[in-house]
Amino acid sequence: MENSRIAGMLDEVGTLIELSEDNAFRARAYHNAARVVENQTEDVAALQASGKLANVAGLGKEMRAHISEILATGRLTLLDELIAAIEPGLIAMLRIPGLGPKRIRLLHQALGVKTLDELAEACRTNRVAAISGFGAKSQANILNGIEFLSSQQEHFNYAPARELADVVIAAIRAIPGVLRAEVAGSLRRKKEVVHDLDAVASVAQDGDRAAVMAAFVALPQVQSVIAHGESKSAVVLEGGVAMDLRVVTDDEYGSALHHFTGSKEHHIVLRGMALERGIKINEYGVWRGDERLPVANEADVYALLGMDYIEPELREERGEIQAALDHTLPHLVTANDIQGALHCHSTWSDGHASIREMAQACRALGYHYLGICDHSQLAAYAHGLTPADVRRQQAEIDALNAEFGPDFRILKGTECDIHKDGALDFDDATLATFDFVVASIHSNFNLSEAEETQRLIRAIQNPYTTIIGHPTGRLLLQRAGYPVDLPAVIAAAGARGVAIELNANPARFDLDWRWLRLATEHGVPIPICPDAHAPDGLTDIAYGVGIARKGWLTPANVPNAWPLDRLLAWFAEVRERGRAGG
DNA sequence: GCCGTTTTCGGCCCGACTGTTTTCAGTCG
């Protein structure tokens, strides 16, 4: 039983409790337990067997009993009872902006509405406005919210959200009176998908806020205004992206940026810890009793608690607070550490630029090497290369390397398809001609989890495999990818010394950052690969670095942060270990 | 439901905004 499945069941219990009773803290305990289970790098079943589950904070007696039941039976009686008792349509109502569990219960009890459609109809027939506590505006907002849900995307990929945010932040900075402005929220934490945008801006004095806010809601990118206050406004931008802006005085900016960067879970733990030390943290500052402690910037918040600074990417309540107290936070990889690009395509297969153009683009970015990895023959849809094509391509690479000289190196690679049975798509003689081999799945996504897992493990055990490409095949917000037991794949890669790529294409970000720490614990190197099909795709590496940082990666974990000689030595070492039988 | 202790109950992050009501509850981040 995967941790994520156990977590999913506990999380669902939490949501159903929200809808069935008043004790929000009980619901939170379940959501919290779900996150704790999800964050365990070891299997919960193993933790239970070794008795270590009792030491995990957030999992009390009741939660451990639930976990035991799930592990033994695959089911949870409490969850079954809640599902039987609660209308499933009420869960969907939680997604309506401005409508929470209490008012949903009230609507259900007063009107008997069980689905979004029934609720919309109740709004149209004026039955919602008649309920005590509701009115004409609530009714209109609920109806608008239901229409918004059906017409808008709920989440957005990081890259387009970032581009839009950069435009709007620049516009906010240009508003007269604004001293500082920055994007906050999940985008600043580099989450792979974001729900909305948060931003913080500062002004010299309170009196300047209203004018700045008025200018913000009037920006050309603003489609509609949801809330407009002096210090806080909420709007919907073009493309349906919701955005919140907070305006504070400049002495509050550090605390406000920290507060609105989140995550909520990080703050709950941090503030609880601060309270134990007699310190209160809010979005305006840090206080000991009535005394306001000096906070010039975000780092001061942590320093006042005796902790190391925690980068925004790490603020997910996954052990970073304890590590900051212990001074054991990792030295995170940065874009400046990147030495080259591995896993790039050219016009030899489905790329849109020649090898020369890709190499020139890499040199312009200051990189020292480029790994060309065109598709293999099985990928006919992508004009995959035959062994004869490979020989001609490698002759071209030799000629280009001779021309470029010693300062830049084009590496001979392949993105070699993994067959249904786990075999690679080239014979050994051809595989031996490459400097390195990226092995990827592009077909037969519908096998069982056991079959896909075995398929990847067999590819890992091929002596020529250097890197497993996009290990789950997911496309964010589009498709889930094939089912795969990632802990088993990570363990196999670690045992064999094979790397797993972090595909930096913002539609993929595969391997998911939540697995990166488990991978590094197993000694699996994680190259950050752009999977670029054109020169502009190389810039995805910067996005991949953000995800790598969320996964606590250091330059030592990332082969393309290594100089060329070390990289080549590692390629040879992986192949040698493969030939020696792992 | 979990946790910690001034240790088996009481608190659980905290403040802005909205809508409805007229002092506050619900929602959100």
Side-chain angles (χ1 to χ4, degrees), chain A residues 10-11 13-14 16-18 21-36 54-67 78 93-107 128-142 144-145 184-189 191 194-200 209 213 225-235 242-248 252 255-276 279-287 301 315 317 321:
Chain A
L10 295 176
D11 203 54
V13 169
L16 293 170
I17 286 173
E18 285 173 20
E21 60 179 85
D22 264 334
N23 189 350
F25 293 110
R26 184 167 174 244
R28 184 198 285 179
Y30 279 91
H31 290 305
N32 184 52
R35 197 182 70 257
V36 167
N55 302 327
V56 178
L59 304 180
K61 194 176 161 193
E62 198 73 12
M63 294 299 172
R64 292 198 298 274
H66 289 329
I67 290 169
L78 173 62
M93 293 182 195
L94 282 171
R95 291 165 50 222
I96 300 171
L99 203 55
K102 294 199 172 171
R103 295 194 338 142
I104 290 170
R105 277 164 54 203
L106 194 55
L107 287 166
V128 169
I131 302 172
S132 171
F134 289 81
K137 281 209 164 179
S138 293
Q139 177 171 277
N141 285 343
I142 290 169
N144 285 340
S186 55
L187 193 79
R188 183 157 182 255
R189 300 200 314 277
K191 281 289 284 288
V194 301
H195 175 63
D196 57 14
L197 305 180
D198 295 284
V200 180
R209 296 186 303 173
M213 203 54 101
V225 179
I226 295 169
H228 178 184
E230 188 170 298
S231 67
K232 172 183 175 175
S233 289
V235 302
M243 180 166 190
D244 290 349
L245 175 68
R246 295 293 286 251
V247 179
V248 298
E252 298 165 336
S255 281
L257 182 60
H258 179 252
H259 176 84
F260 291 106
T261 296
S263 67
K264 181 181 167 189
E265 291 76 13
H266 177 86
H267 283 318
I268 287 173
V269 174
L270 193 73
R271 289 174 180 194
M273 201 200 78
L275 284 178
E276 289 170 15
I279 293 175
K280 189 181 86 163
I281 301 173
N282 66 20
E283 64 238 66
Y284 299 112
V286 178
W287 320 79
V301 176
R315 300 178 198 164
E317 222 290 88
I321 289 173

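What's counted below: heavy atoms across the whole structure, side chains too, no hydrogens, waters or symmetry copies.
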Just to be sure I understand the rule, does [X] reach a base, reach only the sugar-phosphate, or reach nothing, if contact means heavy atoms closer than 4.0 Å?
{"X": "A:Ala57", "value": "sugar-phosphate"}
{"X": "A:Ala65", "value": "nothing"}
{"X": "A:Leu270", "value": "nothing"}
{"X": "A:Lys137", "value": "sugar-phosphate"}
{"X": "A:Asn32", "value": "nothing"}
{"X": "A:Glu230", "value": "sugar-phosphate"}
{"X": "A:Ile281", "value": "sugar-phosphate"}
{"X": "A:Phe260", "value": "nothing"}
{"X": "A:Ile96", "value": "sugar-phosphate"}

**Report entry** Partner of A:His31 under side-chain contact (heavy atoms from CB on, under 4.5 Å), chosen from A:Leu10, A:Val13, A:Asp11
**Finding:** A:Asp11
**Report entry** Name of the residue among A:Leu270, A:Val269, A:Ile268 meeting side-chain contact (heavy atoms from CB on, under 4.5 Å) with A:His266
**Finding:** A:Leu270
**Report entry** 5' priority, DNA chain B, between A:Asp244 and A:Ala136 [closest heavy atom]
**Finding:** A:Ala136
Contact under 4.0 Å: [X] side-chain N or O vs [N] OP1/OP2:
{"X": "A:Arg64", "N": "B:dG1", "value": "no"}
{"X": "A:Ser132", "N": "B:dT20", "value": "no"}
{"X": "A:Arg271", "N": "B:dC13", "value": "no"}
{"X": "A:Lys264", "N": "B:dG15", "value": "no"}
{"X": "A:Tyr284", "N": "B:dA16", "value": "yes"}
{"X": "A:Lys232", "N": "B:dC17", "value": "no"}
{"X": "A:Ser138", "N": "B:dT20", "value": "yes"}

Query raised in the report: Just by modelled atom types, is the A:His259 backbone N or O under 3.5 Å from a matching donor or acceptor in the A:His267 side chain?
Result: yes
Query raised in the report: Quick one: does A:Gln139's side chain have a donor or acceptor within less than 3.5 Å of a partner on A:Val128's backbone?
Result: yes
Whole-Å distance separating the [atom1] atom of [X] from the [atom2] atom of [N]:
{"X": "A:Leu99", "N": "B:dT20", "atom1": "CG", "atom2": "P", "answer": "12 Å"}
{"X": "A:Met93", "N": "B:dG26", "atom1": "CE", "atom2": "P", "answer": "18 Å"}
{"X": "A:His195", "N": "B:dT27", "atom1": "NE2", "atom2": "P", "answer": "16 Å"}
{"X": "A:Met243", "N": "B:dG29", "atom1": "CE", "atom2": "P", "answer": "14 Å"}

Atom [atom1], compared across [N] and [M]: separation rounded to whole Å:
{"N": "B:dT20", "M": "B:dT27", "atom1": "P", "answer": "13 Å"}
{"N": "B:dC12", "M": "B:dT5", "atom1": "P", "answer": "15 Å"}
{"N": "B:dG15", "M": "B:dG10", "atom1": "C1'", "answer": "23 Å"}
{"N": "B:dT8", "M": "B:dC2", "atom1": "C1'", "answer": "13 Å"}
{"N": "B:dA16", "M": "B:dC9", "atom1": "C1'", "answer": "32 Å"}
{"N": "B:dG4", "M": "B:dC13", "atom1": "P", "answer": "14 Å"}

Give the nucleotide from the list [options] with an atom nearest to the side chain of [X].
{"X": "A:Asn141", "options": "B:dG26, B:dG1, B:dG19", "result": "B:dG19"}
{"X": "A:Ala227", "options": "B:dC17, B:dG1, B:dT27", "result": "B:dC17"}
{"X": "A:Phe25", "options": "B:dG29, B:dC12, B:dC14", "result": "B:dC12"}

Report task. Indicate whether any N or O donor in one side chain lies under 3.5 Å from an N or O acceptor in the other, for A:His258 and A:Arg315. Result -> no
Requested in this report: Quick one: look up who B:dT8 pairs with, Watson-Crick or G-U, both distances under 3.5 Å, and put none if it's unpaired.
Outcome: none
Report summary line: Rounding to 0.5 Å, atoms OG (A:Ser186) and NE2 (A:His195) come to a distance of 9.0 Å
